[in-house]
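For this chain, numbers begin at 1 and follow the sequence in order. It should be emphasised that the depicted structure is a prediction, and the values quoted were computed from it without experimental measurement.
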Amino acid sequence: MEGSDKETAHNRYLTTADSPLTKRDLQNLLQEATAEIKAHTKAELNRQIQSLKADLEALSHHTDHAEAKLTKLADTTSSHSQDITYLHGKLAALEEEIEDLNNRSRRNNIRVRGLPETVTNDQLQASLTDLFNTLLPEATQHDLAMDRAHRALRPLALNPDTPRDVILRMHHFPIKEQLVRQARQNPPTFQQQTIALYQDLAPSTLKKRRDLRQLTNTLNHHGIRYMWGHPFKLLVRRENQTHILSNAAEMIPFAESLGLTLLPLQPNRPPGPRGRRQEPISHSPRRTPRKRAPPRPQDGSPQRH
């Protein structure tokens with residue numbers, strides 16, 4: 001429509017005059033064309049601006065909605081984070097309590113290491129009674145009563161010189177304490193094999209003790225006595241003060257508080273069939289006569305402290 005109007009105006013200038021177009025005619029044509037272009041441009045700009053305004057309003061609405069949702073999510077996340085922290089603490093406390101109950105249920109247990117596999121299950125209690133009689137000659141059969149005794153529940157080792165541990169439960173706790181104390185001072189032998197007695201502990205406790213091995217090695221090196229506590233903790237008495245450590249992550253500052261520098265860990269011997277190291281019962285550094293090389297533990301030699 002606009003093109004037709006332009007052509008009509010142009011033709012009017014070309015046909016209404018016998019003389020050629022003058023400069024003024026060209027100026028008039030230019031002014032009309034410019035006015036038409038301005039009007040068209042203005043209308044197009046207004047339309048685009050209105051469209052942009054609508055888009056911006058929609059975007060602003062969506063942004064406000066998203067900000068409101070993000071604020072709500074941030075509040076919910078903060079609440080969940082607090083709940084998770086609380087639940088982590090409760091879970092750790094429950095795990096510690098279960099570990100403590102597990103160890104307390106094992107307080108009458110003894111783990112016997114080195115008893116040959118030639119001793120069958122039917123012979124275990126009789127053989128152990130004879131062994132314990134060498135440690136406590138004055139004990140009666142009633143004193144040495146056992147509730148049960150069995151081999152560790154794992155497959156036989158490929159090396160016949162590495163028999164499975166025997167786990168037994170003594171009926172009388174004081175007798176159990178005397179046995180392990182005597183075995184620590186004078187390790188017994190059975191069929192020319194040195195036998196070691198250990199406190200039966202929960203696997204989680206054994207792992208925590210292994211995590212502190214660098215510290216216990218350092219304490220042994222300096223002749224510093226220590227003992228294990230329940231729930232799990234390491235107690236060191238030094239200069240009339242009791243120092244307590246319950247987390248391996250605090251081992252370095254704990255050693256520094258004692259005026260010690262942790263010694264580097266020595267490489268372990270190849271682990272046993274199950275890769276577990278059994279901690280000894282003794283809590284202080286000591287030396288024992290070397291009668292015979294003790295049987296290799298499941299994942300390395302136990303430390304005497």
Side-chain angles (χ1 to χ4, degrees), residues 1-103 202-215 231-234 244-257 262 264-265 275-276:
M1 187 75 174
E2 292 179 358
S4 177
D5 293 341
K6 291 180 181 179
E7 185 177 356
T8 301
H10 179 67
N11 292 334
R12 183 175 71 250
Y13 282 99
L14 291 178
T15 58
T16 55
D18 295 336
S19 60
L21 291 173
T22 63
K23 182 177 179 181
R24 184 176 182 81
D25 295 334
L26 291 175
Q27 289 178 346
N28 292 335
L29 284 172
L30 181 60
Q31 289 177 356
E32 290 181 5
T34 302
E36 291 179 358
I37 292 173
K38 286 182 178 180
H40 176 74
T41 302
K42 183 178 179 180
E44 184 65 21
L45 286 176
N46 287 336
R47 187 180 67 81
Q48 294 292 340
I49 289 172
Q50 294 300 322
S51 176
L52 286 175
K53 284 183 178 181
D55 292 341
L56 288 175
E57 289 178 358
L59 181 61
S60 176
H61 174 72
H62 290 309
T63 302
D64 292 341
H65 182 65
E67 288 179 351
K69 292 186 67 174
L70 286 175
T71 301
K72 184 178 179 180
L73 287 174
D75 295 339
T76 304
T77 302
S78 177
S79 176
H80 288 174
S81 178
Q82 295 175 4
D83 292 341
I84 290 172
T85 301
Y86 171 77
L87 292 175
H88 272 303
K90 294 291 290 184
L91 179 61
L94 289 173
E95 288 178 344
E96 184 175 293
E97 183 175 353
I98 291 173
E99 178 184 334
D100 184 51
L101 292 173
N102 193 346
N103 284 322
S204 56
T205 302
L206 293 175
K207 181 183 182 305
K208 290 179 180 179
R209 290 193 179 188
R210 287 196 299 269
D211 292 341
L212 294 180
R213 187 161 57 90
Q214 187 176 10
L215 176 61
F232 179 81
K233 61 178 68 71
L234 178 72
I244 301 176
L245 175 66
S246 57
N247 190 341
E250 301 172 359
M251 184 166 54
I252 295 178
F254 181 82
E256 292 175 350
S257 69
L262 293 176
L265 281 174
R276 278 180 51 182

Sole residue of L212, L245, N103, N247 in side chain to side chain contact (heavy atoms under 4.5 Å, CB included) with F232: L212
What's the separation between atom [atom1] in [X] and atom [atom2] in [Y], rounded to the nearest 0.5 Å?
X    : Y    : atom1 : atom2 : value
E32  : L30  : CD    : CG    : 10.0 Å
L56  : K53  : CG    : NZ    : 10.0 Å
I244 : E250 : CD1   : CD    : 12.0 Å
N28  : K23  : CG    : NZ    : 12.5 Å
S204 : R209 : OG    : CZ    : 11.0 Å
K72  : T77  : NZ    : OG1   : 12.0 Å

Donor-acceptor under 3.5 Å ([X] side chain, [Y] main chain):
X    : Y   : answer
T41  : K38 : no
D25  : T22 : yes
N102 : I98 : no
S51  : R47 : no

Residue list, side chain to side chain donor-acceptor pair (under 3.5 Å) with K207, at least two apart or on another chain: D211
By side chain to side chain donor-acceptor pair (under 3.5 Å) - contacts of R24 (at least two apart): none
Evaluation steps, side chain to side chain donor-acceptor pair (under 3.5 Å), between S78 and D75: CA-CA 5 Å; S78 177; D75 295 339; over 6 Å; no
Side-chain donor-acceptor pair present, Q27, Q31, cut-off under 3.5 Å: no
Minimal non-hydrogen separation, L262 against M251, with atom names: CD1-CG, 4.0 Å
By side chain to side chain contact (heavy atoms under 4.5 Å, CB included) - contacts of E96 (at least two apart): P231
L101 CG: over 12 foreign heavy atoms closer than 6.0 Å: yes
